[in-house]
Amino acid sequence: YIIQDANNDFAVSDFINNEWVLDEGFTNVFNFNQKVLGAYGTGAYEGEKWGVKVGLRLENTDLNTLLETNNTANSQNYTNLFPSLHTSYKINDQFSLQAGYSKRIERPSLWSLNPFFNIRNNFNIRLGNPDLGPEFTDSYEMTGIYILDKISFNFGVYHRYTTGVVERITTSEDNVNISRPINLGTNASTGLEINAKYNPAKWLRFNGDFNYRYFSRLGELEGQSFDFAADQWSTRLTAKFKLPAQIDLEVMGNYRSDVQTVQGERSGFAFADLGARKKINKGKAVISLSVRDLFASRIFETEVLQEDFYAYSYGLRGRFIILGFSYGFGKGEAMQYGGGRRR
């Protein structure tokens, strides 16, 4: 049983005649209360070569929101079943096959539901939608796993079909761009994913993965069709080094290609991360240093291309440097936390 109860007090002021004046039109208090009750069961069989695992989950979602400013309340209550089936077959000690099916749900967050989400400036307003519903996905996967001494290799294909897809739709009113999320049609995505690990030496390890997907979007809003098909790919390579004096070094490179969206395009980007960690006092303490987006190249560019208006957005998170220290009491070792955001 999961209970989420949050209150978001949001105020906007305009600088007029050398003083800040509260903008009543965008100042509000938004209450979010969501309760999810779940019950599930699993069963498994594992033989010498073949294994199977089945599961079934029942969930009830009770969602209530209230915009106190104008006393606007919204309620949703829905119950769903989520089956899953996974199986594996071991052909020999080096090669095995896995296949699976699962049904998933993605519920909208508080920020997606809040009618007053984010006002970037006078010309770009990002709103939520309290009537937004969840996304449901049927996921099918098949993977081959090959292990040989210093290298392991995974090759998988997947198909995912999502209904109630949440998309942010941008409209232009009086030269002001307003972005709102809505449930817009379906998305059928088919792709392949390749993962590999290689340990050429005790002090060196490489991890790499590649993902390619082709997707077809179907949706219509107020008589306008948003149907289109496109593809996208991404890749990542990580090198881990064990250095003298109990120092670990990690270098990671990432690339994500550009992709077509329902209203335009989103650019691709490449970025690199660097991290180092040293154990001291027999592992009781750990000092870590990490640099996220080493070259400040993680740039987000989005274009909205419509017949009656054009919008361009540029975003740069920038370089982050994190220095951390952790110490483990008793018999435990210190946590090896690299400073990343916990999700």
Side-chain angles (χ1 to χ4, degrees), residues 38-59 80-106 135-163 187-216 231-242 248-257 259 273 275 277 333 336 338 340 342-343:
Y40 65 92
T42 61
Y45 166 81
E46 186 171 355
E48 185 175 340
K49 287 184 173 292
W50 178 74
V52 63
K53 184 176 182 179
V54 296
L56 183 64
R57 191 172 80 254
L58 174 69
E59 288 189 356
N80 307 101
L81 281 172
F82 300 96
S84 64
L85 171 65
H86 298 276
T87 183
S88 62
Y89 183 76
K90 185 178 179 181
I91 297 176
N92 53 47
D93 290 338
Q94 288 76 39
F95 186 66
S96 61
L97 292 173
Q98 296 181 352
Y101 161 80
S102 62
K103 188 177 182 65
R104 309 169 185 175
I105 183 173
E106 183 72 22
E135 294 181 343
F136 294 96
T137 299
D138 292 286
S139 178
Y140 308 83
E141 300 176 1
M142 179 174 287
T143 305
I145 303 173
Y146 184 78
I147 301 174
L148 179 62
D149 193 19
K150 297 180 179 181
I151 188 169
S152 62
F153 182 81
N154 296 1
F155 178 88
V157 293
Y158 60 85
H159 178 77
R160 294 166 186 153
Y161 182 76
T162 304
T163 59
N187 182 27
S189 177
T190 302
L192 63 88
E193 186 170 9
I194 303 171
N195 300 283
K197 296 180 181 179
Y198 178 50
N199 294 7
K202 291 183 178 180
W203 56 270
L204 178 61
R205 183 174 68 183
F206 292 102
N207 294 349
D209 66 71
F210 173 83
N211 188 295
Y212 171 84
R213 68 185 181 103
Y214 173 86
F215 60 94
S216 175
D231 62 356
Q232 186 182 28
W233 64 276
S234 63
T235 185
R236 178 176 60 191
L237 178 63
T238 304
K240 297 184 178 181
F241 306 85
K242 286 189 174 295
D248 295 330
L249 179 67
E250 181 175 297
V251 182
M252 180 186 297
N254 297 265
Y255 177 77
R256 183 177 297 176
S257 72
V259 62
D273 296 332
R277 182 170 53 232
E333 290 191 349
Q336 298 184 10
R342 297 289 179 92
R343 294 186 183 274

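Numbering of residues begins at 1 and proceeds along the displayed sequence. Just so it is clear, the values below take in all heavy atoms, side chains as well, and ignore hydrogens, waters and symmetry mates.
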Please name all residues satisfying salt bridge (Lys or Arg N to Asp or Glu O under 4.0 Å) with Lys240, sequence neighbours left out, ordered by chain then number.
-> Glu250
Using 30° and 60° as the class limits, which term best fits the ring planes of Trp203 and Phe241: parallel, tilted or perpendicular?
-> parallel
Using atom types as modelled, flag every donor-acceptor pair under 3.5 Å from a side chain in residues 90-105 to any protein atom, sequence neighbours excluded.
{"unit_1": "Lys90", "atom_1": "NZ", "unit_2": "Asp93", "atom_2": "OD1", "d": "3.4"}
{"unit_1": "Asn92", "atom_1": "OD1", "unit_2": "Gln94", "atom_2": "N", "d": "2.8"}
{"unit_1": "Asn92", "atom_1": "OD1", "unit_2": "Phe95", "atom_2": "N", "d": "2.8"}
{"unit_1": "Tyr101", "atom_1": "OH", "unit_2": "Asp138", "atom_2": "OD1", "d": "2.5"}
{"unit_1": "Ser102", "atom_1": "OG", "unit_2": "Arg104", "atom_2": "NE", "d": "3.2"}
{"unit_1": "Arg104", "atom_1": "NH2", "unit_2": "Ser139", "atom_2": "OG", "d": "3.4"}
{"unit_1": "Arg104", "atom_1": "NH2", "unit_2": "Glu141", "atom_2": "OE2", "d": "3.4"}

Rounded distance (nearest 0.5 Å) linking atom OH of Tyr214 with atom OG1 of Thr190 = 9.0 Å
Tell me, do Thr137 and Glu106 make a side-chain contact under 4.5 Å, heavy atoms counted?
-> no
Does any non-hydrogen side-chain atom of Arg256 lie less than 4.5 Å from one of Gln232?
-> yes
Report, as yes or no, whether the 6.0 Å neighbourhood of atom CZ on Arg160 holds more than 12 heavy atoms from other residues, nucleotides or ligands.
-> yes
Side chain to side chain contact (heavy atoms under 4.5 Å, CB included) between Leu192 and Phe210: does it pass, once the steps are laid out?
-> CA-CA 8 Å; Leu192 63 88; Phe210 173 83; 4.2 Å; yes
Give a yes or no answer on whether the side chain of Ser152 reaches the backbone of Ala196 with a donor-acceptor pair at less than 3.5 Å.
-> no
Might you point out which heavy atoms bring Val259 and Asp231 nearest each other, and give the distance in Å?
-> CG2-O, 4.0 Å
Results of side-chain contact (heavy atoms from CB on, under 4.5 Å) for Asn211 - residues two or more places apart only | Tyr158, Glu193, Arg213, Ser234
Parallel, tilted or perpendicular: which fits the ring planes of Trp50 and Tyr45, with parallel below 30° and perpendicular above 60°?
-> tilted
Can you tell if the side chain of Phe153 reaches within under 4.5 Å of the side chain of Ile194, non-hydrogen atoms only?
-> yes
Show your reasoning for whether side chain to side chain contact (heavy atoms under 4.5 Å, CB included) applies to Val157 and Tyr140.
-> CA-CA 8 Å; Val157 293; Tyr140 308 83; over 6 Å; no
Within 6.0 angstrom of Lys242 NZ, more than 12 heavy atoms from elsewhere | no
How long is the gap from OG1 on Thr238 to CG on Asp209, to the nearest 0.5 Å?
-> 7.5 Å
If you measure from CZ on Arg236 to CG on Asn254, what distance do you get to the nearest 0.5 Å?
-> 6.0 Å
